[in-house]
Amino acid sequence: MSDLEYPGDLRYTSDHEWVKDQGEGIVRVGVSAFAQDALGDVVYVSLPGVGDQVSAGDSCGEVESTKSVSDLYAPLQGEVTAINEQLDATPELVNSDPYGDGWMYELKVADAGALDGLLDVEAYKASLS
Amino acid sequence: MVPGPATVRCMTAEPKTSPLHDRHVALGAKLADFGGWQMPIEYPGGGVLREHTAVRERVGIFDVSHLGKALVRGSGAADFVNSCFTNDLRKVAPPKAQYTMCLDDETAGVVDDLIQYFTSEDEIFLVPNAANTAEVVRLLQAAAPEGIEITDQHTDYGIIAVQGPKAPEVVAALGLPIDLDYMSFRVAQWQGRDVIVLRSGYTGEKGFELVPRWDDAPALWDALVEAMAPYDGLPCGLGARDTLRTEMGYPLHGNDLTLDITPNMARAGWAVGRGKDAFWGKEALQRQKDAGGYRLTWGLLATGRGIPRSHCEVKDASGAVIGEVTSGTMSPTLKQGIALALLDRGVSEGDDVVIDVRGRELPATVVKPPFVKVETS
């Protein structure tokens, strides 16, 4: 597992999702390198709809690999403003580029300060060991 | 998100391990429980999709040492086994192996599906599923007449499957015989040690199953890894084995064959010797056939995006439940969801149905497996 990368400019959740502050109250959400590695080849991603209201902890989508299905949980409260439509045709981006082209959706968060309540990279890495 | 149960790294109490366990650990394989055995699901650098493609296009090797092994020996062993299991051993002659089933005598539900190696009139070697080996051995021991001995040899042998269009080249590179008809076997020598070579497989591709003694398995594995390198072969986990067998519509015991699913329902009549005087479950099987009305196994090809999984309900156009998925996966070859399902009578090929995938409706078409055409098996 040691060769998996965890960028320092992201926040993380104990559900192995990352959250990136895009500014102006928008955050981008994806799954961590640990998650994509544990899942194996991702073959299907079901995302929330643009305009959906989610609360922190809500199940709002699914990531399915050749061997298992996992729920996506909203990391923060907010409104879905964008989804990564590329994942419909190319779900393998979640494996090949989990922090880049494999992003999942964006939220306009209700409380921008709530981002600070998520794990920083050191705390997340510590939770993996 | 939380990785699903198959990826959870915790172990059940005292899992059994293959003679190749150290090899898998060294390769960094993801391990999971298969019938009480800790076995590789996939390898780093491969992954289910790449491993699957390697077997369809080139070659892959699988450690299936978790499969059971048992020996039935004594005067009339062949006749005895033939009076227990479904298939008619008399359709073949030694040295040939045959697919057969062990049924519950009362219900004709499938206790196990297994391979029987017809060595001689007095010796049959069995390869049952890992989780069912103890039960098959127990049933045989309880039924055996005096002079016939059944020995559980689960950890006496390893099994390595070599599968794919280049499998003959890889097996030949070790000096092992490849001039075998489908399901024929020979006891050959490799570095002075006995290895059973069976032309068989569970992937639909050309292939061989090699059965070395337990302690000889690691060296044989190493030699195969080396021999398949020129063909870009890959070690393959049981994840790819499952997608490969599902594309062919081959049943997996525990999913598509269970104590609640008879050979009538699974359309496995080809593996039932109806002309035989007796086998376990014969009368129950005939009773069910006469009564009719039981569900039948079909293939489902998803026409929308999504993946059917076992136990998903299948509904007709009106929303009425007409059956249940027994196995489902994403076909790496077709890039579509595929499933085996037990469906009510009245369904026919080409029907449009809907699979309820955790509350989401996935449209699918009823088809006859295999889902993928392969060159030869």
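All of these numbers come straight from a predicted model, not from anything done at the bench. To find a chain, count down the sequence lines: A is the first, B the second, and so on, and within it residues start at 1.
- Neither the backbone nor the side chain of A/Glu92 comes within less than 4.5 Å of any heavy atom in chain B.
- At a heavy-atom separation below 4.5 angstrom, chain A is approached by B/Arg358, B/Arg360 within residues 356-366 of chain B.
- B/Thr17 and B/Gln38 form no side-chain donor-acceptor contact under 3.5 Å, judged by distance and modelled atom types alone.
- Looking only at side-chain heavy atoms (C-beta outward), B/Met248 and B/Pro370 come within less than 4.5 Å of each other.
- Residues B/Asp260 and B/Thr258 bring no donor and acceptor atom of their side chains to less than 3.5 Å of each other.
- The two residues B/Thr297 and B/Ala266 make their nearest non-hydrogen contact at OG1-CA, 3.5 Å.
- Side-chain atoms of B/Thr333 and B/His52 form a donor-acceptor pair, as typed in the model, at a separation below 3.5 Å.
- In this structure, the side chains of B/Ile338 and B/Leu301 come closer than 4.5 Å at one or more pairs of heavy atoms.
- A/Ala74 approaches A/Ser55 most closely through the heavy-atom pair CB-O, 3.5 Å.
- Between A/His16 and A/Phe34, the ring-plane angle classifies as tilted under the 30° and 60° cut-offs.
- A search for salt bridge (Lys or Arg N to Asp or Glu O under 4.0 Å) contacts involving B/Asp256 returns B/Arg245, not counting sequence neighbours.
- In this structure A/Asp88 satisfies the side-chain hydrogen bond (donor to acceptor under 3.5 Å, both in side chains) test together with B/Arg305, sequence neighbours excluded.
- Below 4.5 Å, heavy atoms of chain B meet no heavy atom from residues 93-123 of chain A.
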